[in-house]
Amino acid sequence: MVVYPEFRVRGGHGTDTVARLEEARGLALAIGLEVVDAFAIPIREARAGTLFGEGQIQNIDVACNQGDAELVIVDGSLSAIQQRNLEDKLKRKVIDRTGLILEIFGERAATAEGRLQVELAHLDYQAGRLVRSWTHLERQRGGFGFLGGPGETQIEADRRLIRDRMAKLRKELEQVRRTRGLHRSRREKAPWPVIALVGYTNAGKSTLFNRLTGAGVMAEDLLFATLDPTMRRIRLPGVEKAILSDTVGFISDLPTQLVAAFRATLEEVTAADVIVHVRDIANPDTQAQKGQVLDVLADLGLLEAEAGEPTVPIIEAWNKWDLLPADRAEELREQIAARGEEVVVPLSALTGEGCDDLLETVGRLLTAGAKVHTFVLPVSDGQRLAWLHAHGEVLSESDAGEDERGPLRRLQVRLDPRELGRFTRL
C-alpha cells in the first residue's frame with residue numbers, strides 16, 4: 001500500500017500528485033513489490049507522533065485490510081517515533097521513502113564501491129531508527145548500592161557498533177575516492193575529454209549509453225536500473241577519443257544519506273568536460289524532474305551560486321521523442337528554435353533517431369576552442385603525421401621542400417589547446 005502525505009503548502013519544483021504516486025509505484029515495482037493501491041492523504045499539519053491524524057490512520061488500515069496489504073510505504077519522510085507508532089496502530093510493517101530507496105540501492109549495488117556506499121547510507125539511516133523499544137534487553141543495573149543506573153543498554157551497544165562500522169566504511173570509501181582521483185588525474189594527463197550523462201532516474205541514460213557505445217549496461221524501464229558508474233571510449237566528429245560516463249539517476253527527495261555516500265561516484269560528473277542532461281521529454285512531469293537534477297548539480301558545485309549558470313557546458317538531450325504525438329513534437333521543436341544559446345537535441349535512444357546529432361553537437365562543443373596551426377614535418381616522421389590526421393582536422397597538406405632530414409610536408413591542422421599540448425609532448 002503506497003500512501004503519499006500531500007502537504008497543503010509544498011515547496012520545491014511542484015511535482016504533480018498523480019506523477020508522484022506513479023513514481024512511488026515505480027519505486028516499489030523496482031524492488032519486486034506488488035502495489036495493491038496508491039493514494040494521497042492531504043495534511044494540514046503533521047502530527048509529531050504519527051504524521052497522520054487518527055481518522056486518516058483508520059482509513060489506511062481499512063484500505064490495507066481490503067487490499068490484503070502486508071507493507072505500508074509512506075512516500076515521504078518519517079521520524080523513528082512516527083514509524084514505530086504507525087506500525088503499532090496498523091499492525092503492519094511501515095517504511096518511508098528513504099527506506100525504500102535504500103532497499104533498491106542495496107539490491108542493485110554491483111561493485112565493491114557501490115556496496116560500501118549503500119551500507120554506509122543504510123547504517124546512517126538505521127542509527128536514527130534505534131528508538132527505545134528494546135528496554136527489555138537492558139543489562140543489569142550498574143554502579144553502587146540501589147541508586148546505580150543501568151549499565152550499557154542494548155540500544156547503546158548497537159549504536160556503538162553502528163558508529164564503529166560507519167567509521168571503518170568511511171575509511172574504505174576515502175581510499176576508493178583517492179583511487180578514483182588517481183584514475184581521474186591519469187585521464188587528465190592523457191588527456192581525453194570526459195562526457196557525463198546525468199538525468200532523472202528512468203530518463204533513458206543507460207539506453208542512450210548503450211546506443212552510443214555498444215556496451216551492455218543494464219537498461220530497463222525501471223527506476224534506478226543503473227547504480228554503479230560505467231565508462232566507455234567513444235569517437236566523436238573531430239575528436240578521436242573521448243570517455244562517456246553513465247551515472248546514477250537522480251530523484252526528488254533523494255535521501256541525504258545517499259547524496260553523502262555517493263559523493264565519490266558523483267565526483268565523476270564534476271570532472272566532466274561536457275554534461276549531457278538526458279530528459280524524459282514524454283513524461284508530463286519533465287519540467288519538475290529537470291529542476292530536481294539542477295538542484296543536485298548545484299549541490300555538486302556545477303552551477304554558479306548566484307546566476308545559476310553552469311560551470312561546465314550542459315547539453316539537454318530530449319529523449320523518448322518517439323513516444324510523442326505529432327502535434328506535441330511540433331510544439332517542442334518550436335520551443336527548441338526559440339531557446340537561443342541553450343543547446344537542445346531531440347532524440348530517441350531506443351530507435352537511434354537524433355543520436356548522430358548529439359555526437360556532432362558534443363564534438364562541436366569540445367572543439368569550439370580549436371585553432372588552425374601550421375606544421376612542417378619530415379615525411380620520415382610517420383608517427384607525428386599520423387597523429388595529426390587521427391586527432392586533428394587536417395585542412396590542407398602540401399610539399400614543403402627538403403632539409404637535412406629529407407623531404408618535408410606542410411600541414412594546416414585545426415587543433416584544440418588540449419590536443420596541441422599533447423602533440424608538442426610527442
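A quick note: this is a predicted structure, and the numbers were derived from the prediction, not measured. For reference, positions follow the sequence shown, starting with 1.
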Item checked: Pair Asp381 + Arg405: basic N to acidic O under 4.0 Å -> no
Next item on the list: Starting at CG of Asp280, measure out to CG of Asn319 and round the result to the nearest 0.5 Å.
Entry: 7.0 Å
Check: What heavy-atom pair brings Arg333 and Pro346 nearest, and what distance separates the two atoms?
Finding: NH1-CG, 4.1 Å
Checklist line | Minimum side-chain heavy-atom gap Asp124-Leu120 below 4.5 Å | finding: no
Check: Going by distance alone, is a donor N or O of one side chain under 3.5 Å from an acceptor N or O of the other, for Thr286 and Arg279?
Finding: yes
Margin query: Applying salt bridge (charged side-chain N to carboxylate O under 4.0 Å, His left out) to Arg328 and Glu331, what does each step give before you reach the verdict?
Written below: CA-CA 5 Å; Arg328 177 65 178 150; Glu331 184 185 324; 2.9 Å; yes
Note to self: Please find the pair of heavy atoms, one from Leu244 and one from Thr213, that lie closest to each other, and give the distance.
What the structure shows: CD2-CG2, 3.7 Å
Checklist line | Glu6 side chain reached by Ile41 side chain, heavy atoms, under 4.5 Å | finding: no
Notebook entry, point to check: If you measure from CZ on Arg232 to CD1 on Ile195, what distance do you get to the nearest 0.5 Å?
Noted result: 14.5 Å
Next item on the list: Please determine, by modelled atom types, if His373 and Gln412 share a side-chain donor-acceptor pair under 3.5 angstrom.
Entry: no
Notebook entry, point to check: Would you say the side chain of Ile104 lies within less than 4.5 Å of the side chain of Glu107, judging by non-hydrogen atoms?
Noted result: no
Checklist line | Min side-chain heavy-atom separation Val3-Ile73 under 4.5 Å | finding: no
Notebook entry, point to check: Gln292 side chain to Phe250 main-chain N or O, any donor-acceptor pair under 3.5 Å?
Noted result: no
Next item on the list: Working to the nearest 0.5 Å, report the span between CG of Leu297 and CD1 of Ile275.
Entry: 5.5 Å
Note to self: Salt bridge check, Arg409 against Asp399: does any charged N sit closer than 4.0 Å to a carboxylate O?
What the structure shows: yes
Checklist line | Spatial distance of atom CG (Leu71) from atom NZ (Lys93) [nearest 0.5 Å] | finding: 8.0 Å
Note to self: One pair to check against salt bridge (charged side-chain N to carboxylate O under 4.0 Å, His left out): Asp75 and Arg20. What are the steps and the verdict?
What the structure shows: CA-CA 9 Å; Asp75 189 30; Arg20 180 69 181 237; 2.7 Å; yes
Notebook entry, point to check: Do other residues, nucleotides or ligands put more than 12 heavy atoms under 6.0 Å from the CG atom of Asp37?
Noted result: yes
Note to self: Looking at Lys205 and Asp246, is there a salt bridge between them, counting it only when a charged N and a carboxylate O are closer than 4.0 Å?
What the structure shows: no
Checklist line | Side chains of Arg97 and Val74 in contact at under 4.5 Å (non-hydrogen atoms) | finding: no
Check: How long is the gap from CG on Leu323 to OG on Ser348, to the nearest 0.5 Å?
Finding: 7.0 Å
Check: Just wondering, do Val362 and Val276 contact through their side chains at under 4.5 Å, heavy atoms?
Finding: yes
Checklist line | Face-on cation placement of Arg384 at Phe423 ring, 6.0 Å and 45° thresholds | finding: yes
Next item on the list: Could you go through the side-chain contact (heavy atoms from CB on, under 4.5 Å) check for Met166 and His122 one step at a time?
Entry: CA-CA 10 Å; Met166 284 175 72; His122 257 294; over 6 Å; no
Next item on the list: Indicate yes or no: does Glu174 engage Arg170 in a salt bridge with an N to O separation below 4.0 Å.
Entry: no
Next item on the list: Might you confirm whether atom CG of Asp68 has over 12 heavy atoms from other residues, nucleotides or ligands at distances under 6.0 Å?
Entry: no
Checklist line | Intermediate values then yes/no, side-chain contact (heavy atoms from CB on, under 4.5 Å), Trp318 and Leu347 | finding: CA-CA 6 Å; Trp318 287 7; Leu347 57 85; over 6 Å; no
Note to self: With no hydrogens and no angle check, just 3.5 Å: does a side-chain donor-acceptor pair link Thr50 and Gln82?
What the structure shows: no
Margin query: Which heavy atom of Pro193 sits nearest to which heavy atom of Lys241, and what is that distance?
Written below: CD-O, 3.5 Å
Checklist line | Distance in Å, Phe7 CZ paired with Arg44 CZ, rounded so as to fall on 0.5 Å steps | finding: 13.0 Å
Next item on the list: Tell me, yes or no, whether the heavy-atom count around Arg165 atom CZ, taken from other residues, nucleotides or ligands under 6.0 Å, exceeds 12.
Entry: yes
Next item on the list: Determine, stepwise, if the pair Asp88 / Arg84 fulfils side-chain contact (heavy atoms from CB on, under 4.5 Å).
Entry: CA-CA 6 Å; Asp88 287 345; Arg84 189 186 67 174; 4.2 Å; yes
Checklist line | side-chain contact (heavy atoms from CB on, under 4.5 Å), paired with Leu411, selected from Thr374, Leu395, Leu385 | finding: Leu385
Check: Under 3.5 Å, is there a donor-acceptor pair linking the side chains of Tyr4 and Glu23?
Finding: no
Note to self: Go through it in stages, so that I can follow the logic: the residues are Arg92 and Glu70, the test is salt bridge (charged side-chain N to carboxylate O under 4.0 Å, His left out), and I'd like the CA-CA distance, side-chain angles, deciding distance and then a yes or no.
What the structure shows: CA-CA 6 Å; Arg92 288 171 175 83; Glu70 298 170 7; over 6 Å; no
Checklist line | Val343 and Glu316, any side-chain heavy atoms less than 4.5 Å apart | finding: no
Next item on the list: Check the pair Ile234, Leu359 against side-chain contact (heavy atoms from CB on, under 4.5 Å), reporting the backbone distance first and the verdict last.
Entry: CA-CA 10 Å; Ile234 60 168; Leu359 292 176; 4.2 Å; yes
Notebook entry, point to check: With a 4.5 Å limit on heavy-atom distance, are the side chains of Asp285 and Tyr200 in contact?
Noted result: no
